[in-house]
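Before any comments, here is the structure.
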Amino acid sequence: MQNNLIPLIPIPFIFVGMMITWIARNKEDYKKVAIFQPITTILTVIVALLGLLTPGAVFGYTMWILAGLLLSLAGDIFNINMTKDNILYAALIVFFFAYLVYPIGITIYNGFHFEDIYVAIGLLLVLICLLSYIWKGLGKEWKIPVMLYAMVMLFMVHRAVSTFFGDFFSTTQAVFLTIGTSILFIADSEYSIHRFIKPFKFIIGPFLYPTGQLLIALSTSYFPGIE
């Protein structure tokens, strides 16, 4: 087996865990969610670790991604029943730092580029649109935490898109990072609407969250020259 295919081995099991978690969350079967959501993230951690076996692997970058994934795993433990405010606060704090670790790791290796300015303007408009939609439903206690959290998430997306403008990451990695971080933002936006505007059955979030984390984990593989 080619080394750059090794990180793909856990993916079928991740998708099984993803499907079970989606069904369980919509049925409010939190005991099952408590089992399968963390297991899915653990398998994603393994994907990132297997990236070290691929040609051109960068140990330092992989450690940054692993740190974000392990924080996300801690967040999964808090994030079982998101209807309770104290649990939601704890999960928000943990994921705030998880989604800050990813862009820091990316920026250390990719730096900043002139094109980042245009991306920042576009993402600022996205932030304004989202906050305008959910602002009234947040209440005084949630306005600042949710705004800061959304800003960190879009900073993560910004740094991911920036990988297209540098030469450290391959195009494959840039695609994985950009799509992965973007759908994490979409997943949390869906939850924000569910939580603060109008409750509804989770449609895409339980699929997008593990898929986004998986794509970020896969960015530890496929460095330039091995695509």
Do [X] and [Y] make a side-chain contact, defined as non-hydrogen atoms from C-beta onward lying under 4.5 Å apart?
X    : Y    : value
P7   : T220 : no
D188 : L184 : no
L8   : L218 : yes
P224 : D167 : no
I6   : T54  : no
I216 : T44  : no
L138 : W135 : yes
L214 : P10  : no

Which pair of heavy atoms, one from S221 and one from G51, lies closest together, and at what distance? OG-CA, 3.3 Å
So which atom in A24 and which in K32 form the shortest heavy-atom distance, rounded to 0.1 Å? CB-CB, 3.9 Å
Show every salt bridge (charged side-chain N to carboxylate O under 4.0 Å, His left out) that has at least one partner inside [range], sequence neighbours left out.
range            : result
residues 154-166 : D116-R159
residues 122-140 : none
residues 87-97   : none
residues 45-58   : none

Test of understanding: clusters of I, L, V, M, F, W, Y form through side-chain heavy atoms closer than 4.5 Å, transitively. Do [X] and [Y] belong to the same one?
X    : Y    : answer
I77  : Y209 : no
V16  : M18  : yes
Y133 : I128 : yes
I134 : I144 : yes
I108 : F112 : no

[X]: partners by ring pair (Phe, Tyr, Trp, His ring centres under 6.0 Å), with sequence neighbours left out:
X    : value
Y109 : F168
F196 : W142
F207 : W22

Supply the atom-to-atom distance [X] [atom1] to [Y] [atom2], rounded to the nearest 0.5 angstrom.
X    : Y    : atom1 : atom2 : value
I46  : F13  : CD1   : CZ    : 10.5 Å
Y191 : H194 : OH    : NE2   : 6.0 Å
T172 : Y222 : OG1   : OH    : 8.0 Å

Please determine whether side chain to side chain contact (heavy atoms under 4.5 Å, CB included) holds for the pair L130 and L154, giving the CA-CA distance in whole Å, both sets of side-chain angles, and the decisive distance to 0.1 Å. CA-CA 11 Å; L130 175 64; L154 287 174; over 6 Å; no
Apply side chain to side chain contact (heavy atoms under 4.5 Å, CB included) to I193 and K198, showing your working. CA-CA 6 Å; I193 296 169; K198 184 179 181 180; 5.7 Å; no
Only residue of V157, L177, N110 satisfying side chain to side chain contact (heavy atoms under 4.5 Å, CB included) with S162 is N110
Judged by atom type as modelled, is there a donor-acceptor pair below 3.5 Å linking the side chain of T178 to the main-chain atoms of A174? yes
Any donor-acceptor pair under 3.5 Å from S170 side chain to Q173 backbone: yes
Dump the intermediate steps for side chain to side chain contact (heavy atoms under 4.5 Å, CB included) on T181 and Y102, then the final yes or no. CA-CA 9 Å; T181 56; Y102 290 145; 5.6 Å; no
Other cluster members, I117 - Ile/Leu/Val/Met/Phe/Trp/Tyr, side-chain contacts below 4.5 Å: F114, Y118, I121
Got more than 12 heavy atoms from elsewhere within 6.0 Å of NZ, K27? no
Check the surroundings of atom CE in M19: do more than 12 heavy atoms from other residues, nucleotides or ligands lie under 6.0 Å from it? no
Side chains of residues 33-40: which donor-acceptor pairs under 3.5 Å do they make with residues two or more places apart or in other chains?
{"residue": "Q37", "atom": "OE1", "partner": "R25", "partner atom": "NH2", "Å": "2.9"}
{"residue": "Q37", "atom": "NE2", "partner": "D76", "partner atom": "OD1", "Å": "3.1"}
{"residue": "T40", "atom": "OG1", "partner": "F36", "partner atom": "O", "Å": "2.7"}

Residue pairs involving residues 5-17 (criterion side chain to side chain donor-acceptor pair (under 3.5 Å); sequence neighbours excluded): none
Tabulate below the donor-acceptor pairs under 3.5 Å that side-chain atoms of residues 90-100 make, not counting sequence neighbours, or state none.
none

Please evaluate residues T41 and Q213 with respect to the criterion side-chain hydrogen bond (donor to acceptor under 3.5 Å, both in side chains), reporting the C-alpha separation (whole Å), side-chain torsions for both, the decisive distance (0.1 Å), and the verdict. CA-CA 8 Å; T41 304; Q213 297 282 25; over 6 Å; no
Validation: residues 59-70 side-chain donor-acceptor distances under 3.5 Å, sequence neighbours left out:
{"residue": "Y61", "atom": "OH", "partner": "S219", "partner atom": "OG", "Å": "2.6"}
{"residue": "T62", "atom": "OG1", "partner": "V58", "partner atom": "O", "Å": "3.0"}

